[in-house]
Amino acid sequence: MRRVTTFSQIVRTCEEKKWKFADYFLHQEMEWRRRNGEDSSPETILEKMDINLRVMESSVKEGINGVQSYSGLTGYDATRLNTYRSEKASLGQSIYLDAVVNAIAINEVNASMGLICATPTAGSCGVVPGILLAAREHLKLNRRQQLDFLITSGGCGLMIGNLASISGAEGGCQAEIGSASGMAAAALAEAAGGSPRASSNALAIAIKGLLGLVCDPVASLVEVPCIKRNATGVVNAITAAEMALAGMLSRIPTDEVISAMYSVGQLMPSALRETALGGLAQTPTARRYTRELKQTGKITWQDSKKLPSSE
Amino acid sequence: MAKFHSIFDIIGPIMIGPSSSHTAGAVRIGLASRAIFGEMPENVQITFFGSFAHTYKGHGTDLALIGGLLGLSTANPDLRYAYDRAKESGMKVKIVTSKEKMKHPNTAEVRMTRGSRTVSVTGISTGGGSIDLVEIDGFNVHVHNDNPVVLIFHMDRPGVIASVTHIIGKHRLNISQMEVSRKTKGKLALMLIATDGDIPDDTLEEISAVEHVVQIIDLSEIRREPDAAKALMAKGAAQ
Ligand code: SF4
(Lines give C-alpha, C1' and ligand atoms only; values in the text may rest on other atoms or scores of the structure.)
Protein backbone atom coordinates (compact mmCIF):
# COMPACT_ATOMS: atom_id res chain seq x y z
CA MET A 1 0.00 0.00 0.00
CA ARG A 2 1.36 3.39 -0.97
CA ARG A 3 1.56 5.83 1.89
CA VAL A 4 -0.90 8.61 1.11
CA THR A 5 -0.57 11.93 2.73
CA THR A 6 -3.92 13.70 2.53
CA PHE A 7 -7.32 13.14 4.07
CA SER A 8 -9.00 13.43 0.68
CA GLN A 9 -6.92 10.49 -0.55
CA ILE A 10 -7.72 8.45 2.56
CA VAL A 11 -11.45 9.11 2.17
CA ARG A 12 -11.25 8.07 -1.51
CA THR A 13 -9.33 4.86 -0.67
CA CYS A 14 -11.83 4.01 2.07
CA GLU A 15 -14.77 4.58 -0.29
CA GLU A 16 -13.20 2.38 -2.99
CA LYS A 17 -12.41 -0.45 -0.60
CA LYS A 18 -15.51 -0.02 1.56
CA TRP A 19 -13.26 0.55 4.54
CA LYS A 20 -13.68 2.55 7.70
CA PHE A 21 -10.88 4.89 8.83
CA ALA A 22 -10.02 2.26 11.44
CA ASP A 23 -9.47 -0.37 8.70
CA TYR A 24 -7.30 2.02 6.75
CA PHE A 25 -5.13 3.03 9.70
CA LEU A 26 -4.82 -0.56 10.93
CA HIS A 27 -3.51 -1.58 7.50
CA GLN A 28 -1.14 1.37 7.49
CA GLU A 29 0.18 0.35 10.91
CA MET A 30 0.65 -3.27 9.80
CA GLU A 31 2.56 -2.08 6.75
CA TRP A 32 4.79 0.20 8.83
CA ARG A 33 5.59 -2.57 11.29
CA ARG A 34 6.26 -5.06 8.52
CA ARG A 35 8.73 -2.67 6.89
CA ASN A 36 10.37 -2.14 10.28
CA GLY A 37 10.77 -5.85 10.88
CA GLU A 38 8.33 -5.77 13.82
CA ASP A 39 5.44 -8.16 14.51
CA SER A 40 2.73 -6.80 12.22
CA SER A 41 -0.21 -9.07 12.97
CA PRO A 42 -3.50 -7.27 13.68
CA GLU A 43 -3.79 -9.24 16.93
CA THR A 44 -0.51 -7.81 18.23
CA ILE A 45 -1.53 -4.28 17.33
CA LEU A 46 -4.96 -4.66 18.95
CA GLU A 47 -3.42 -6.16 22.06
CA LYS A 48 -0.98 -3.29 22.35
CA MET A 49 -3.86 -0.85 21.96
CA ASP A 50 -5.84 -2.74 24.59
CA ILE A 51 -3.09 -2.04 27.12
CA ASN A 52 -3.46 1.67 26.37
CA LEU A 53 -7.21 1.39 26.82
CA ARG A 54 -6.77 -0.30 30.19
CA VAL A 55 -4.55 2.53 31.38
CA MET A 56 -7.24 5.01 30.28
CA GLU A 57 -9.84 3.08 32.29
CA SER A 58 -7.64 3.05 35.37
CA SER A 59 -6.92 6.80 35.10
CA VAL A 60 -10.65 7.61 35.03
CA LYS A 61 -11.25 5.52 38.15
CA GLU A 62 -8.33 7.05 39.98
CA GLY A 63 -9.37 10.58 39.03
CA ILE A 64 -12.99 10.14 40.12
CA ASN A 65 -11.79 8.80 43.46
CA GLY A 66 -10.02 12.11 43.85
CA VAL A 67 -6.45 13.23 43.30
CA GLN A 68 -4.60 16.45 43.91
CA SER A 69 -1.90 17.85 41.70
CA TYR A 70 1.68 17.75 42.85
CA SER A 71 1.85 21.54 42.99
CA GLY A 72 -1.39 21.80 44.96
CA LEU A 73 -3.02 24.10 42.42
CA THR A 74 -5.64 21.68 41.14
CA GLY A 75 -7.49 18.54 42.15
CA TYR A 76 -10.73 16.88 43.20
CA ASP A 77 -12.74 18.46 40.40
CA ALA A 78 -13.56 15.08 38.82
CA THR A 79 -14.96 13.97 42.17
CA ARG A 80 -16.99 17.17 42.34
CA LEU A 81 -18.33 16.65 38.83
CA ASN A 82 -19.11 13.01 39.49
CA THR A 83 -21.11 13.89 42.60
CA TYR A 84 -22.90 16.62 40.69
CA ARG A 85 -23.72 14.12 37.95
CA SER A 86 -25.23 11.56 40.29
CA GLU A 87 -26.97 13.94 42.69
CA LYS A 88 -28.07 16.92 40.61
CA ALA A 89 -27.15 16.98 36.94
CA SER A 90 -29.11 20.23 36.69
CA LEU A 91 -29.00 20.20 32.90
CA GLY A 92 -29.82 16.52 32.62
CA GLN A 93 -27.75 13.44 31.90
CA SER A 94 -25.90 13.38 28.61
CA ILE A 95 -22.93 11.96 26.78
CA TYR A 96 -21.43 15.43 27.13
CA LEU A 97 -21.43 15.37 30.92
CA ASP A 98 -20.18 11.78 31.04
CA ALA A 99 -17.30 12.58 28.69
CA VAL A 100 -16.42 15.73 30.63
CA VAL A 101 -16.24 13.82 33.93
CA ASN A 102 -13.87 11.29 32.34
CA ALA A 103 -11.71 13.91 30.65
CA ILE A 104 -11.26 15.96 33.83
CA ALA A 105 -10.54 12.79 35.83
CA ILE A 106 -7.79 11.66 33.45
CA ASN A 107 -6.14 15.04 33.25
CA GLU A 108 -6.20 15.49 37.02
CA VAL A 109 -4.43 12.15 37.33
CA ASN A 110 -1.82 13.46 34.90
CA ALA A 111 -1.25 16.53 37.07
CA SER A 112 -0.95 14.34 40.17
CA MET A 113 1.95 12.36 38.69
CA GLY A 114 -0.33 9.40 38.06
CA LEU A 115 -0.25 6.90 35.22
CA ILE A 116 -1.81 8.07 31.93
CA CYS A 117 -1.66 7.32 28.24
CA ALA A 118 -0.64 10.36 26.17
CA THR A 119 -3.23 11.11 23.45
CA PRO A 120 -1.52 12.79 21.64
CA THR A 121 0.26 14.56 24.54
CA ALA A 122 0.07 14.42 28.32
CA GLY A 123 -1.64 17.83 28.54
CA SER A 124 -4.41 16.73 26.18
CA CYS A 125 -4.69 13.13 27.40
CA GLY A 126 -8.29 13.46 28.60
CA VAL A 127 -10.10 14.27 25.36
CA VAL A 128 -9.99 11.06 23.31
CA PRO A 129 -10.42 8.57 26.16
CA GLY A 130 -12.93 10.88 27.87
CA ILE A 131 -15.22 10.60 24.85
CA LEU A 132 -14.48 6.94 24.19
CA LEU A 133 -15.37 5.79 27.69
CA ALA A 134 -18.62 7.79 27.56
CA ALA A 135 -19.49 6.73 24.01
CA ARG A 136 -19.03 3.06 24.76
CA GLU A 137 -21.88 3.27 27.27
CA HIS A 138 -24.15 5.43 25.13
CA LEU A 139 -23.46 3.58 21.86
CA LYS A 140 -22.94 0.13 23.41
CA LEU A 141 -19.57 -0.35 21.73
CA ASN A 142 -17.91 -3.75 21.99
CA ARG A 143 -14.21 -4.07 22.84
CA ARG A 144 -13.14 -4.25 19.19
CA GLN A 145 -15.15 -1.13 18.35
CA GLN A 146 -13.47 0.64 21.27
CA LEU A 147 -10.05 -0.32 19.96
CA ASP A 148 -11.10 0.85 16.49
CA PHE A 149 -12.01 4.18 18.08
CA LEU A 150 -8.43 4.49 19.32
CA ILE A 151 -6.96 3.33 16.01
CA THR A 152 -8.95 5.96 14.11
CA SER A 153 -7.97 8.63 16.65
CA GLY A 154 -4.33 7.58 16.41
CA GLY A 155 -4.33 7.53 12.62
CA CYS A 156 -5.91 10.98 12.43
CA GLY A 157 -3.41 12.30 15.00
CA LEU A 158 -0.59 10.87 12.93
CA MET A 159 -1.85 12.81 9.91
CA ILE A 160 -2.23 16.04 11.90
CA GLY A 161 1.21 15.61 13.48
CA ASN A 162 2.84 15.11 10.10
CA LEU A 163 0.92 17.82 8.25
CA ALA A 164 0.92 20.37 11.08
CA SER A 165 1.90 19.78 14.72
CA ILE A 166 0.77 18.15 17.94
CA SER A 167 3.05 20.15 20.21
CA GLY A 168 2.02 23.20 22.21
CA ALA A 169 5.56 24.60 21.99
CA GLU A 170 5.36 24.45 18.19
CA GLY A 171 1.75 25.25 17.43
CA GLY A 172 0.02 26.45 20.60
CA CYS A 173 -2.82 24.64 22.35
CA GLN A 174 -4.75 24.28 19.07
CA ALA A 175 -2.08 21.68 18.26
CA GLU A 176 -2.69 19.75 21.50
CA ILE A 177 -6.33 20.14 22.63
CA GLY A 178 -7.35 21.12 19.07
CA SER A 179 -5.73 18.03 17.55
CA ALA A 180 -7.09 15.75 20.27
CA SER A 181 -10.55 17.19 19.67
CA GLY A 182 -10.29 16.62 15.90
CA MET A 183 -9.06 13.06 16.42
CA ALA A 184 -11.90 12.28 18.84
CA ALA A 185 -14.52 13.88 16.58
CA ALA A 186 -13.51 11.68 13.64
CA ALA A 187 -13.49 8.53 15.79
CA LEU A 188 -16.82 9.35 17.42
CA ALA A 189 -18.53 9.99 14.06
CA GLU A 190 -17.24 6.62 12.91
CA ALA A 191 -18.30 4.82 16.10
CA ALA A 192 -21.80 6.25 15.66
CA GLY A 193 -22.01 4.75 12.18
CA GLY A 194 -20.85 7.71 10.10
CA SER A 195 -19.00 7.35 6.80
CA PRO A 196 -15.30 8.13 6.32
CA ARG A 197 -16.40 11.38 4.70
CA ALA A 198 -18.37 12.25 7.83
CA SER A 199 -15.32 11.49 9.98
CA SER A 200 -13.14 13.69 7.83
CA ASN A 201 -15.68 16.50 8.14
CA ALA A 202 -16.04 16.03 11.88
CA LEU A 203 -12.27 16.38 12.22
CA ALA A 204 -12.23 19.56 10.13
CA ILE A 205 -15.15 21.12 12.01
CA ALA A 206 -13.57 20.31 15.40
CA ILE A 207 -10.19 21.77 14.47
CA LYS A 208 -11.75 24.90 13.06
CA GLY A 209 -13.60 25.40 16.34
CA LEU A 210 -10.35 25.59 18.31
CA LEU A 211 -8.15 27.22 15.67
CA GLY A 212 -5.87 29.82 17.22
CA LEU A 213 -6.09 28.46 20.76
CA VAL A 214 -2.95 29.60 22.59
CA CYS A 215 -0.78 27.63 25.00
CA ASP A 216 -0.44 29.69 28.18
CA PRO A 217 0.16 27.34 31.10
CA VAL A 218 0.00 29.08 34.49
CA ALA A 219 3.32 28.74 36.38
CA SER A 220 4.43 26.53 33.48
CA LEU A 221 2.42 23.69 34.98
CA VAL A 222 0.24 21.36 32.91
CA GLU A 223 -2.80 22.24 35.03
CA VAL A 224 -4.37 25.63 34.33
CA PRO A 225 -5.90 26.00 31.76
CA CYS A 226 -5.05 22.50 30.54
CA ILE A 227 -7.35 20.40 32.72
CA LYS A 228 -10.55 22.32 31.95
CA ARG A 229 -9.52 22.70 28.32
CA ASN A 230 -9.75 18.93 28.02
CA ALA A 231 -13.45 19.41 28.74
CA THR A 232 -13.60 22.11 26.05
CA GLY A 233 -11.97 19.69 23.61
CA VAL A 234 -14.55 17.06 24.51
CA VAL A 235 -17.68 19.13 23.93
CA ASN A 236 -16.22 20.64 20.78
CA ALA A 237 -15.54 17.15 19.42
CA ILE A 238 -18.98 15.74 20.25
CA THR A 239 -20.64 18.77 18.68
CA ALA A 240 -18.50 18.50 15.54
CA ALA A 241 -19.36 14.80 15.25
CA GLU A 242 -23.07 15.57 15.58
CA MET A 243 -22.87 18.17 12.81
CA ALA A 244 -20.94 15.83 10.54
CA LEU A 245 -23.35 12.96 11.24
CA ALA A 246 -26.20 15.28 10.26
CA GLY A 247 -24.52 15.69 6.89
CA MET A 248 -23.09 19.16 7.45
CA LEU A 249 -19.93 19.71 5.44
CA SER A 250 -16.88 21.80 6.23
CA ARG A 251 -16.73 24.47 3.55
CA ILE A 252 -12.96 24.37 3.75
CA PRO A 253 -11.60 20.88 2.94
CA THR A 254 -10.03 18.97 5.86
CA ASP A 255 -6.49 19.06 4.42
CA GLU A 256 -6.68 22.84 4.00
CA VAL A 257 -8.00 23.23 7.56
CA ILE A 258 -4.97 21.33 8.83
CA SER A 259 -2.55 23.46 6.84
CA ALA A 260 -4.32 26.55 8.14
CA MET A 261 -3.72 25.24 11.66
CA TYR A 262 -0.06 24.81 10.82
CA SER A 263 0.29 28.35 9.52
CA VAL A 264 -1.60 29.79 12.50
CA GLY A 265 0.93 28.02 14.72
CA GLN A 266 3.78 29.54 12.73
CA LEU A 267 2.28 33.00 13.04
CA MET A 268 1.66 32.64 16.78
CA PRO A 269 4.14 34.61 18.89
CA SER A 270 6.37 32.41 21.03
CA ALA A 271 4.97 34.09 24.17
CA LEU A 272 1.81 32.08 23.47
CA ARG A 273 3.51 28.78 22.76
CA GLU A 274 4.22 27.07 26.10
CA THR A 275 6.72 29.66 27.32
CA ALA A 276 4.25 30.98 29.92
CA LEU A 277 5.15 34.52 28.84
CA GLY A 278 1.65 35.53 27.77
CA GLY A 279 -2.05 34.91 28.10
CA LEU A 280 -3.37 33.44 31.34
CA ALA A 281 0.18 32.72 32.49
CA GLN A 282 0.91 36.44 32.80
CA THR A 283 -2.19 37.51 34.72
CA PRO A 284 -1.53 39.02 38.17
CA THR A 285 -2.90 35.91 39.88
CA ALA A 286 -0.82 33.56 37.74
CA ARG A 287 2.26 35.62 38.56
CA ARG A 288 1.46 35.29 42.25
CA TYR A 289 1.14 31.51 41.90
CA THR A 290 4.43 31.39 40.03
CA ARG A 291 6.20 33.31 42.80
CA GLU A 292 4.72 31.10 45.48
CA LEU A 293 5.71 27.95 43.65
CA LYS A 294 9.24 29.18 43.28
CA GLN A 295 9.54 30.14 46.94
CA THR A 296 7.75 27.28 48.65
CA GLY A 297 7.46 24.51 46.07
CA LYS A 298 3.68 24.48 46.45
CA ILE A 299 0.72 26.61 45.46
CA THR A 300 -1.92 27.12 48.11
CA TRP A 301 -5.21 27.17 46.36
CA GLN A 302 -7.94 27.60 48.93
CA ASP A 303 -9.10 24.28 50.10
CA SER A 304 -8.48 22.07 47.11
CA LYS A 305 -8.11 19.13 49.48
CA LYS A 306 -11.52 19.40 51.03
CA LEU A 307 -14.61 19.07 48.91
CA PRO A 308 -16.95 22.01 49.43
CA SER A 309 -20.52 21.23 50.48
CA SER A 310 -22.80 21.01 47.49
CA GLU A 311 -23.72 24.71 47.54
CA MET B 1 9.28 14.29 5.87
CA ALA B 2 6.95 12.43 8.12
CA LYS B 3 7.72 12.90 11.82
CA PHE B 4 5.33 10.23 13.07
CA HIS B 5 4.99 6.73 11.68
CA SER B 6 3.04 4.64 14.13
CA ILE B 7 -0.37 5.19 15.72
CA PHE B 8 1.39 4.37 18.99
CA ASP B 9 3.41 7.58 18.61
CA ILE B 10 0.04 9.32 19.03
CA ILE B 11 -1.92 6.98 21.32
CA GLY B 12 0.86 6.51 23.82
CA PRO B 13 3.28 6.35 25.49
CA ILE B 14 1.91 5.15 28.78
CA MET B 15 3.65 7.42 31.25
CA ILE B 16 3.60 9.14 34.59
CA GLY B 17 2.32 12.72 34.24
CA PRO B 18 2.37 15.64 34.10
CA SER B 19 4.54 16.30 31.09
CA SER B 20 6.73 14.18 28.88
CA SER B 21 9.60 16.67 28.97
CA HIS B 22 9.49 17.20 32.74
CA THR B 23 8.72 13.65 33.81
CA ALA B 24 9.71 11.05 31.20
CA GLY B 25 12.71 13.11 30.00
CA ALA B 26 13.96 13.61 33.56
CA VAL B 27 13.51 9.91 34.39
CA ARG B 28 15.63 9.04 31.36
CA ILE B 29 18.38 11.47 32.40
CA GLY B 30 18.36 9.70 35.77
CA LEU B 31 18.41 6.23 34.20
CA ALA B 32 21.26 7.21 31.88
CA SER B 33 23.28 8.73 34.74
CA ARG B 34 22.80 5.60 36.80
CA ALA B 35 23.82 3.38 33.86
CA ILE B 36 26.95 5.47 33.41
CA PHE B 37 27.83 5.40 37.10
CA GLY B 38 27.20 1.67 37.15
CA GLU B 39 26.34 1.37 40.84
CA MET B 40 24.09 2.98 43.41
CA PRO B 41 25.60 6.37 44.36
CA GLU B 42 25.83 7.26 48.06
CA ASN B 43 25.46 10.95 47.37
CA VAL B 44 23.83 12.72 44.47
CA GLN B 45 23.78 16.41 43.73
CA ILE B 46 21.30 17.46 41.06
CA THR B 47 21.61 20.93 39.56
CA PHE B 48 18.67 22.28 37.57
CA PHE B 49 19.16 25.00 34.99
CA GLY B 50 16.82 27.27 33.03
CA SER B 51 13.17 26.36 33.00
CA PHE B 52 13.91 23.20 35.01
CA ALA B 53 15.24 25.45 37.77
CA HIS B 54 12.05 27.53 37.77
CA THR B 55 9.44 24.82 37.59
CA TYR B 56 10.97 21.57 38.78
CA LYS B 57 9.05 21.64 42.05
CA GLY B 58 5.58 21.89 40.55
CA HIS B 59 6.29 19.33 37.87
CA GLY B 60 7.98 16.83 40.17
CA THR B 61 11.04 16.89 37.92
CA ASP B 62 13.18 16.19 41.01
CA LEU B 63 11.11 13.08 41.80
CA ALA B 64 11.40 11.90 38.20
CA LEU B 65 15.16 12.32 38.07
CA ILE B 66 15.71 10.67 41.43
CA GLY B 67 13.36 7.86 40.35
CA GLY B 68 15.47 7.32 37.26
CA LEU B 69 18.61 7.15 39.41
CA LEU B 70 16.89 4.43 41.40
CA GLY B 71 16.07 2.53 38.22
CA LEU B 72 12.33 3.31 38.10
CA SER B 73 10.77 3.45 34.62
CA THR B 74 8.85 6.40 33.10
CA ALA B 75 5.61 4.49 33.80
CA ASN B 76 6.26 3.57 37.42
CA PRO B 77 3.72 5.11 39.84
CA ASP B 78 6.39 4.87 42.57
CA LEU B 79 8.02 7.97 41.06
CA ARG B 80 5.75 10.00 43.35
CA TYR B 81 7.57 8.53 46.33
CA ALA B 82 11.10 8.83 44.95
CA TYR B 83 12.43 10.71 48.01
CA ASP B 84 11.23 7.92 50.31
CA ARG B 85 12.67 5.26 48.00
CA ALA B 86 15.99 7.10 47.90
CA LYS B 87 16.11 7.18 51.68
CA GLU B 88 15.35 3.46 51.87
CA SER B 89 18.14 2.76 49.40
CA GLY B 90 20.61 4.89 51.32
CA MET B 91 21.03 7.45 48.56
CA LYS B 92 21.41 11.02 49.83
CA VAL B 93 20.10 13.67 47.44
CA LYS B 94 20.78 17.37 47.27
CA ILE B 95 18.94 19.64 44.81
CA VAL B 96 20.54 22.87 43.63
CA THR B 97 19.31 25.43 41.13
CA SER B 98 21.59 27.51 38.97
CA LYS B 99 21.08 30.82 37.21
CA GLU B 100 23.78 29.98 34.69
CA LYS B 101 22.53 30.32 31.11
CA MET B 102 22.48 27.02 29.26
CA LYS B 103 21.86 26.43 25.56
CA HIS B 104 18.69 24.48 26.32
CA PRO B 105 16.17 25.51 29.01
CA ASN B 106 15.54 21.97 30.31
CA THR B 107 19.02 21.06 31.48
CA ALA B 108 20.08 19.06 34.55
CA GLU B 109 23.50 18.10 35.87
CA VAL B 110 23.80 14.97 38.01
CA ARG B 111 26.88 14.53 40.18
CA MET B 112 27.14 11.05 41.68
CA THR B 113 29.56 10.01 44.40
CA ARG B 114 30.41 6.72 46.05
CA GLY B 115 33.47 6.52 48.26
CA SER B 116 36.17 8.50 46.50
CA ARG B 117 34.62 8.05 43.07
CA THR B 118 32.67 10.93 41.49
CA VAL B 119 31.09 11.07 38.03
CA SER B 120 29.00 13.87 36.55
CA VAL B 121 26.49 13.68 33.73
CA THR B 122 24.63 16.57 32.12
CA GLY B 123 21.46 15.91 30.19
CA ILE B 124 18.76 17.89 28.41
CA SER B 125 15.13 16.99 28.03
CA THR B 126 14.44 17.88 24.42
CA GLY B 127 10.67 17.24 24.38
CA GLY B 128 8.31 14.31 24.09
CA GLY B 129 10.39 12.37 26.63
CA SER B 130 13.54 12.34 24.47
CA ILE B 131 16.86 13.31 25.97
CA ASP B 132 20.34 14.32 24.89
CA LEU B 133 23.40 13.88 27.07
CA VAL B 134 25.83 16.74 26.59
CA GLU B 135 28.50 16.01 29.18
CA ILE B 136 29.79 12.79 30.71
CA ASP B 137 32.51 12.93 33.33
CA GLY B 138 33.90 16.16 31.91
CA PHE B 139 33.76 15.03 28.27
CA ASN B 140 31.55 17.06 25.93
CA VAL B 141 29.30 14.68 24.02
CA HIS B 142 26.10 14.64 21.94
CA VAL B 143 24.13 11.52 22.84
CA HIS B 144 20.54 11.19 21.58
CA ASN B 145 18.36 8.49 23.01
CA ASP B 146 16.58 7.58 19.78
CA ASN B 147 19.38 5.24 18.65
CA PRO B 148 21.20 2.54 20.60
CA VAL B 149 24.31 4.19 22.01
CA VAL B 150 27.44 2.65 23.49
CA LEU B 151 30.06 4.65 25.37
CA ILE B 152 33.62 3.37 25.28
CA PHE B 153 36.19 4.83 27.65
CA HIS B 154 39.69 4.15 26.35
CA MET B 155 43.24 5.41 26.51
CA ASP B 156 44.02 7.92 23.79
CA ARG B 157 46.39 5.68 21.76
CA PRO B 158 46.74 5.21 18.01
CA GLY B 159 44.74 2.32 16.56
CA VAL B 160 42.13 1.93 19.31
CA ILE B 161 39.34 3.62 17.35
CA ALA B 162 40.10 1.63 14.20
CA SER B 163 40.07 -1.67 16.11
CA VAL B 164 36.68 -0.88 17.65
CA THR B 165 35.00 0.20 14.39
CA HIS B 166 36.49 -2.82 12.68
CA ILE B 167 34.76 -5.16 15.16
CA ILE B 168 31.44 -3.39 14.72
CA GLY B 169 31.73 -3.52 10.93
CA LYS B 170 32.70 -7.18 11.01
CA HIS B 171 29.38 -7.92 12.76
CA ARG B 172 27.54 -6.02 10.00
CA LEU B 173 26.28 -3.30 12.30
CA ASN B 174 25.82 0.12 10.79
CA ILE B 175 27.26 3.07 12.74
CA SER B 176 24.85 6.00 12.49
CA GLN B 177 26.86 8.43 14.58
CA MET B 178 30.32 8.45 16.08
CA GLU B 179 32.15 10.93 18.25
CA VAL B 180 35.48 10.92 20.04
CA SER B 181 36.50 13.35 22.73
CA ARG B 182 39.42 13.66 25.07
CA LYS B 183 40.48 16.08 27.74
CA THR B 184 44.24 15.67 27.48
CA LYS B 185 46.30 14.13 24.69
CA GLY B 186 47.40 10.60 25.50
CA LYS B 187 45.10 10.30 28.54
CA LEU B 188 41.60 8.89 28.99
CA ALA B 189 39.30 9.47 26.01
CA LEU B 190 35.64 8.75 25.31
CA MET B 191 34.32 7.20 22.15
CA LEU B 192 30.57 7.33 21.53
CA ILE B 193 29.03 5.03 18.97
CA ALA B 194 25.40 5.03 17.87
CA THR B 195 24.23 2.14 15.74
CA ASP B 196 21.07 1.36 13.75
CA GLY B 197 20.39 -1.85 15.67
CA ASP B 198 21.38 -2.91 19.19
CA ILE B 199 24.97 -4.12 19.55
CA PRO B 200 24.84 -7.74 20.78
CA ASP B 201 26.58 -8.62 24.05
CA ASP B 202 29.25 -10.82 22.42
CA THR B 203 30.27 -7.95 20.16
CA LEU B 204 30.58 -5.71 23.21
CA GLU B 205 32.73 -8.36 24.87
CA GLU B 206 34.98 -8.48 21.84
CA ILE B 207 35.37 -4.69 22.02
CA SER B 208 36.19 -4.78 25.73
CA ALA B 209 39.09 -7.12 24.92
CA VAL B 210 40.70 -4.49 22.67
CA GLU B 211 43.91 -3.18 24.17
CA HIS B 212 43.55 0.24 25.90
CA VAL B 213 39.75 -0.05 26.16
CA VAL B 214 38.99 0.76 29.80
CA GLN B 215 35.22 0.55 30.17
CA ILE B 216 32.10 0.06 28.05
CA ILE B 217 28.69 1.44 28.93
CA ASP B 218 25.62 0.33 26.98
CA LEU B 219 22.90 2.98 27.04
CA SER B 220 20.28 1.08 25.01
CA GLU B 221 18.23 0.36 28.13
CA ILE B 222 17.05 3.94 28.51
CA ARG B 223 15.49 3.73 25.08
CA ARG B 224 13.73 0.43 25.62
CA GLU B 225 12.28 0.91 29.07
CA PRO B 226 8.78 2.34 28.37
CA ASP B 227 7.64 -1.23 27.75
CA ALA B 228 7.83 -1.53 31.52
CA ALA B 229 4.26 -0.28 31.34
CA LYS B 230 3.27 -3.63 29.95
CA ALA B 231 4.71 -5.50 32.91
CA LEU B 232 2.96 -3.06 35.17
CA MET B 233 -0.39 -3.66 33.53
CA ALA B 234 0.15 -7.38 33.83
CA LYS B 235 0.42 -6.84 37.57
CA GLY B 236 -3.13 -5.54 37.39
CA ALA B 237 -2.78 -1.79 37.83
CA ALA B 238 -6.03 -1.37 35.92
CA GLN B 239 -7.85 -4.32 37.48
S1 SF4 C 1 -2.27 25.05 27.40
FE2 SF4 C 1 -0.33 24.29 26.60
S3 SF4 C 1 0.39 22.81 28.12
FE4 SF4 C 1 -1.81 23.14 28.47
S5 SF4 C 1 -2.85 21.55 27.27
FE6 SF4 C 1 -2.75 23.38 26.01
S7 SF4 C 1 -0.88 23.06 24.80
FE8 SF4 C 1 -0.74 21.64 26.53
Side-chain angles (χ1 to χ4, degrees), chain A residues 3 5 25-26 28-29 32-33 36 45 48-49 51-52 54-55 57-58 61 69-73 107 109-123 125 128 150-151 153-158 160-162 166-167 169 183 219-223 276 290 293-294 296-299, chain B residues 1-24 51-64 67 73-82 95 97 105-106 126-129 197 226-227 229-234 236-239:
Chain A
R3 202 177 174 79
T5 45
F25 290 125
L26 180 63
Q28 179 179 288
E29 183 72 16
W32 161 249
R33 293 170 83 87
N36 234 12
I45 295 168
K48 201 168 148 74
M49 200 51 101
I51 294 174
N52 288 340
R54 277 152 59 196
V55 170
E57 290 164 344
S58 81
K61 262 195 221 151
S69 74
Y70 190 61
S71 71
L73 180 58
N107 221 247
V109 167
N110 181 58
S112 78
M113 291 194 80
L115 189 69
I116 56 104
C117 177
T119 47
T121 59
C125 68
V128 169
L150 292 177
I151 291 171
S153 300
C156 291
L158 203 64
I160 300 169
N162 287 334
I166 52 163
S167 135
M183 289 154 54
S220 292
L221 302 170
V222 193
E223 297 187 44
T290 310
L293 179 68
K294 217 175 152 187
T296 68
K298 291 280 166 205
I299 298 174
Chain B
M1 208 188 73
K3 289 176 275 188
F4 301 101
H5 299 284
S6 164
I7 46 176
F8 297 104
D9 296 338
I10 305 293
I11 309 297
I14 292 168
M15 56 174 269
I16 293 295
S19 112
S20 48
S21 49
H22 283 78
T23 333
S51 126
F52 264 6
H54 291 300
T55 63
Y56 80 89
K57 283 175 181 163
H59 279 117
T61 314
D62 47 346
L63 296 173
S73 79
T74 53
N76 194 323
D78 264 8
L79 287 174
R80 271 181 198 159
Y81 315 110
I95 307 280
T97 57
N106 292 339
T126 54
D227 268 343
K230 206 167 181 171
L232 195 110
M233 295 314 296
Q239 262 108 56

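FYI, side chains are in, hydrogens and waters are out, and symmetry mates aren't considered; it's all heavy atoms of this structure.
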>> Between B/F8 and A/N52, is the side chain to side chain contact (heavy atoms under 4.5 Å, CB included) condition met? List the steps.
In response: CA-CA 9 Å; B/F8 297 104; A/N52 288 340; 3.7 Å; yes
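Residue A/I299 does not touch chain B at all, counting heavy-atom pairs closer than 4.5 Å. Both the backbone and the side chain of A/M49 come within contact range of chain B, each with at least one heavy atom under 4.5 Å from a heavy atom of that chain. Only the side chain of A/I166 comes within contact range of chain B, with heavy atoms under 4.5 Å apart. Both the backbone and the side chain of A/I45 come within contact range of chain B, with heavy atoms under 4.5 Å apart. Both the backbone and the side chain of B/S19 come within contact range of chain A, judged by heavy atoms closer than 4.5 Å.
In terms of non-hydrogen atom pairs under 4.5 Å with chain B, the most contact-rich of A/A118, A/S71, A/P120 is A/A118. When B/H22, B/H54, B/H59 are compared by the number of non-hydrogen pairs under 4.5 Å with chain A, B/H59 comes out ahead. No other option in B/A64, B/S20, B/G60 has as many heavy-atom pairs under 4.5 Å with chain A as B/G60.
Using a distance-only test at 3.5 Å, with no hydrogens or angles considered, no donor-acceptor pair links the side chain of B/N106 to the main chain of B/S51.
The line from CD1 of B/I7 to CD of A/Q28 is 8.5 Å long, rounded to the nearest 0.5 Å. Going from atom CE of B/M15 over to atom CG of A/L115 covers 9.5 Å, rounded to the nearest 0.5 Å.
Residues meeting the ring-ring contact (aromatic ring centres under 6.0 Å, His included) test with B/Y56, sequence neighbours left out: B/F48. With sequence neighbours left out, the side-chain hydrogen bond (donor to acceptor under 3.5 Å, both in side chains) criterion links A/S112 to B/R80.
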